[in-house]
Chemist: 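If you scroll down you'll find the structure; I have some questions about it.
Here the structure is a predicted model, which is why all the values come from computation and not from measurement. Atoms considered below: every heavy atom in the structure, side chains included; atoms not considered: hydrogens, waters and symmetry mates.
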Amino acid sequence: MNFEYEYEQCLEKLNWATKELQVEVEPEKLAEIAELIVQPMTGPWRYFHTPNHIFEVGVSQDAIEVLAALFHDLVYVQVDHSVNFNLSYYLAPYIQETQGKLKIREKNELPKDQTFEMVTSIFGFFVAQVLLPFGGQNEFMSAVVAAKVMETFLTPKHLFQIIACIESTIPFQPISEDGLTATERLYQRLKETNTKLNINLSDGELYETVKKSVRLSNRDVSGFGSATSIFLDNTWNLLPETNHNLTNGNSYTVCEYRIALEKTEGFINHLNPDLIFRKFDEEPDEKTYKCWVEQAKKNIEVAKIYLGSKIFTLAFIEALSMRLGLNIPLSTMVGELPSQGHIPAHLEDFLPDIHNPYQPQNNLQREVLTLLADGRSQNAVYDMRNSPLSTFMVKYIGFDEVKKQRKRTNDFCQKKISAEEFIDGCNQNLVKTVIEGILELFESRKQAIGGVKKVKYINCNQNH
């Protein structure tokens, strides 16, 4: 990430949005806000929730949506493992940490502050409430910062709309017991807050505020409705944000990578595609909405098979690695990632061609096998875009057997069966073939380290 470039981009958007809203702000103040936004979003653990993401979410000709996008992911406790010190200045009067949990302060500790009351009312939060990591914690604190930072030059109406847009980025909110969607519940709270705090938005302005929030929310999760390779790219960019060991280059273990993928698989398995995108009246139109939902359903189904295949492969290699030790790096077993000017030996280089490879039984399997073989759209910093070993495994034993072994993988990972029992329950020809490939990989390293490179002598005093 390039801090200076992203800072300038952010500053440009702040300038544009404030001019659109016809408010005057000192250039020094906007520069200060741009730095406040970009600094935490270029932190060491940010791989997906970066300035580039907020710029994409803010692709709009609506100034309210642009400003909400710039602030909506400012706080991300699970990723950053803390709240940025500069942001805590705006949060500390209202939020405290108690026994490792963040909560809104007690009533007698809170300053009298209509802006903060507006945020809590729009979010439906209350005094002394414990903030939950997946219950709007980050979005709420991001909205508090946004409102407090901009309250000196924006009107209460502007702040109201920005807070509503940020609230809508709490993802995957379920239908309530009384049958209301997250957007319908937000609309109710907006009407109540508008009346209670005398914000004086008209019915039409309230209606348009909800539409703004829907547009922003849908752009925030647009990856789910994108082409499958892009959806998987986003998934792989999210992985190191909450699995920091993956950022350690070639040193993360087989087990660490397998656990990271298992967590993602668990999330995908419980994701309801009907709760990803939002709709309010004709925003978006019915055709567009249905298209997004259908693509999300397809992406989820592809991801389940794709992740299951990779997790089985990793568990297989992990079980073999336990013959060497308990914390063996993945690179030890399959080879290092390619780096600039260096293409290391890799396990697939020592695996034979399969004379009668498995043929996909349907379009879904065909697409997954293509993604495994050809790869996602981009390499991740910690992983190759393609999965040659998983491709080999699938072609050798087929998706049905991989699915069967994926269930046994859980028993192995939960220590219900030993590594050797897991290996014994796999196709023994496959076991023999992969072991022979690993031994050849090890032999190639032995030869490399034992070899002597011939170096051409150059006379440093030679005239050129």
Side-chain angles (χ1 to χ4, degrees), residues 57 62 64-65 67-69 71-75 90-91 94-95 102-105 107 110 112-148 150-151 154-221 274-284:
V57 174
D62 186 290
I64 293 294
E65 293 176 35
L67 290 173
F71 282 91
H72 84 283
D73 274 335
L74 201 54
V75 178
Y90 299 95
L91 295 168
Y94 314 99
I95 295 164
L102 297 172
K103 61 173 287 190
I104 298 174
R105 290 183 180 276
K107 186 175 182 178
L110 286 170
K112 188 170 179 59
D113 188 317
Q114 181 166 314
T115 300
F116 181 71
E117 188 178 349
M118 189 193 304
V119 180
T120 55
S121 182
I122 289 173
F123 272 73
F125 286 9
F126 49 86
V127 168
Q129 178 177 334
V130 173
L131 302 177
L132 301 175
F134 300 103
Q137 167 186 272
N138 299 314
E139 293 81 3
F140 177 74
M141 290 194 286
S142 296
V144 171
V145 174
K148 296 306 295 180
M150 295 188 287
E151 69 178 350
L154 293 185
T155 67
K157 283 187 178 183
H158 293 148
L159 297 176
F160 181 97
Q161 293 176 309
I162 290 167
I163 295 162
C165 286
I166 295 176
E167 193 281 342
S168 74
T169 64
I170 303 173
F172 320 125
Q173 296 187 61
I175 307 293
S176 65
E177 290 182 2
D178 53 358
L180 296 179
T181 66
T183 301
E184 289 167 338
R185 297 196 299 274
L186 173 61
Y187 190 23
Q188 281 189 346
R189 294 196 301 273
L190 292 180
K191 289 188 285 187
E192 292 166 3
T193 305
N194 186 48
T195 301
K196 181 174 63 176
L197 299 182
N198 298 314
I199 307 299
N200 296 321
L201 270 79
S202 67
D203 290 343
E205 288 174 317
L206 283 170
Y207 201 78
E208 286 305 311
T209 299
V210 179
K211 285 194 169 186
K212 293 175 197 286
S213 77
V214 166
R215 287 194 292 267
L216 187 82
S217 174
N218 287 339
R219 285 197 298 272
D220 193 29
V221 293
D274 293 320
L275 296 178
I276 295 172
F277 297 102
R278 295 193 177 205
K279 191 175 188 306
F280 184 76
D281 195 17
E282 288 302 309
E283 182 61 55

Chemist: Apply side-chain contact (heavy atoms from CB on, under 4.5 Å) to Leu197 and list each qualifying residue two or more places apart in sequence or on a separate chain.
Modeler: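 Applying side-chain contact (heavy atoms from CB on, under 4.5 Å) to Leu197 gives Gln114, Glu117, Met118, Thr193, Ile199.
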Chemist: Assess whether side chain to side chain contact (heavy atoms under 4.5 Å, CB included) is satisfied between Leu186 and Val210, documenting all intermediate values.
Modeler: CA-CA 8 Å; Leu186 173 61; Val210 179; 5.5 Å; no
Chemist: With sequence neighbours left out, write down each residue that passes side-chain contact (heavy atoms from CB on, under 4.5 Å) with Ser176, or none if nothing qualifies.
Modeler: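 Result, side-chain contact (heavy atoms from CB on, under 4.5 Å) vs Ser176: Asp178, Leu180, Arg185.
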Chemist: Are the side chains of Glu205 and Asn194 in contact, using a 4.5 Å heavy-atom criterion?
Modeler: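 Counting from C-beta outward, Asn194 and Glu205 never come under 4.5 Å.
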Chemist: Are the side chains of Leu102 and Leu91 in touch, meaning some heavy atoms are under 4.5 Å apart?
Modeler: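 No - every pair of side-chain heavy atoms lies 4.5 Å or more apart.
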Chemist: Using the rule given for salt bridge (charged side-chain N to carboxylate O under 4.0 Å, His left out), can you reason through Lys148 versus Glu151, listing the C-alpha separation, both sets of side-chain angles and the distance that settles it, and then say yes or no?
Modeler: CA-CA 5 Å; Lys148 296 306 295 180; Glu151 69 178 350; 2.8 Å; yes
Chemist: Using side-chain heavy atoms (C-beta onward) and a distance below 4.5 Å, is Thr181 in contact with Tyr187?
Modeler: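 Result no, sub-4.5 Å side-chain heavy-atom pair not found.
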Chemist: Is there a side chain to side chain contact (heavy atoms under 4.5 Å, CB included) between Ile166 and His72? Walk through the geometry before answering.
Modeler: CA-CA 5 Å; Ile166 295 176; His72 84 283; 4.2 Å; yes
Chemist: Nearest 0.5 Å please: distance from the CD atom of Gln188 over to the CG atom of Leu206.
Modeler: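 The CG atom of Leu206 is 12.5 Å from CD of Gln188, to the nearest 0.5 Å.
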Chemist: Could you tell me whether the side chain of Leu201 reaches within less than 4.5 Å of the side chain of Leu190, counting heavy atoms only?
Modeler: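 Of all side-chain heavy-atom pairs linking Leu201 with Leu190, none is under 4.5 Å.
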Chemist: Output yes when a side-chain donor or acceptor of Asn218 lies under 3.5 Å from a complementary backbone atom of Arg278, and no otherwise.
Modeler: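 The answer is yes, because a donor-acceptor pair under 3.5 Å joins these two groups.
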Chemist: Is it possible for you to check whether Lys211 lies under 6.0 Å from the centre of the six-membered ring of Tyr207, through NZ or CZ, and within 45° of that ring's axis?
Modeler: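 Verdict for Tyr207: no cation-pi partner in Lys211.
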Chemist: Heavy-atom distance under 4.5 Å between the side chains of Tyr94 and Thr120, does that happen here?
Modeler: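 Result no, sub-4.5 Å side-chain heavy-atom pair not found.
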Chemist: Can you measure from CD1 (Ile122) to CG (Leu159) and round to the nearest 0.5 angstrom?
Modeler: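 Answer for the CD1-CG pair, Ile122 versus Leu159, is 9.0 Å.
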Chemist: So does Ala147 get a backbone contact from the side chain of Thr115, meaning a donor-acceptor N/O pair under 3.5 Å?
Modeler: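 Checked: no pair found.
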Chemist: With rounding to the nearest 0.5 angstrom, report the CG to CD distance, Leu154 to Gln161.
Modeler: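 Interatomic distance, Leu154 CG to Gln161 CD, rounded to 0.5 Å: 10.5 Å.
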Chemist: Atom CG of Asp281 and atom CD of Glu208: how far apart are they, to the nearest 0.5 Å?
Modeler: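 Between Asp281 CG and Glu208 CD, I get 9.5 Å after rounding to 0.5 Å.
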Chemist: Can you see which heavy atom on Met150 is nearest to which on Phe71, and at what distance?
Modeler: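 In this case the closest contact between Met150 and Phe71 is CE-CE1, 3.6 Å.
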Chemist: Phe125 vs Phe140 aromatic rings, parallel, tilted or perpendicular, using cut-offs 30° and 60°?
Modeler: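 Tilted, since the angle between the ring planes falls between 30° and 60°.
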Chemist: About how many Å separate CZ of Phe116 and OG of Ser121, when rounded to the nearest 0.5 Å?
Modeler: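 It is 11.5 Å, given to the nearest 0.5 Å.
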Chemist: Ignoring hydrogens, what is the shortest heavy-atom contact between Leu216 and Cys165? Give both atom names and the distance.
Modeler: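 Between these two residues, the closest heavy atoms are CD2-O, 3.4 Å.
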Chemist: Within a strict 4.5 Å, meaning less than it, do heavy atoms of the Thr169 and Asp73 side chains meet?
Modeler: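 Sidechains of Asp73 and Thr169: no contact.
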Chemist: Measure the NZ-CD1 distance between Lys103 and Ile95 for me, rounded to the nearest 0.5 Å.
Modeler: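 Output value for this atom pair is 12.0 Å.
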Chemist: If every non-hydrogen atom of Ser213 is compared with every non-hydrogen atom of Ala164, which pair is closest and at what distance?
Modeler: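 Here Ser213 and Ala164 meet closest at CB-O, 3.9 Å.
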Chemist: Taking the side chain as every heavy atom from C-beta outward, state whether Leu275 and Ile175 have any atom pair closer than 4.5 Å.
Modeler: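 Touching, per the 4.5 Å side-chain cut-off.
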Chemist: Which atoms form the tightest heavy-atom contact between Arg219 and Glu65, and what is the distance?
Modeler: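 Shortest heavy-atom contact: NH2-OE1, 2.8 Å.
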Chemist: Do the side chains of Glu139 and Pro171 get nearer than 4.5 Å, heavy atoms only?
Modeler: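 SC-SC contact between Pro171 and Glu139 confirmed.
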Chemist: So does Phe126 get a backbone contact from the side chain of Gln129, meaning a donor-acceptor N/O pair under 3.5 Å?
Modeler: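 Yes: the side chain of Gln129 pairs with the backbone of Phe126.
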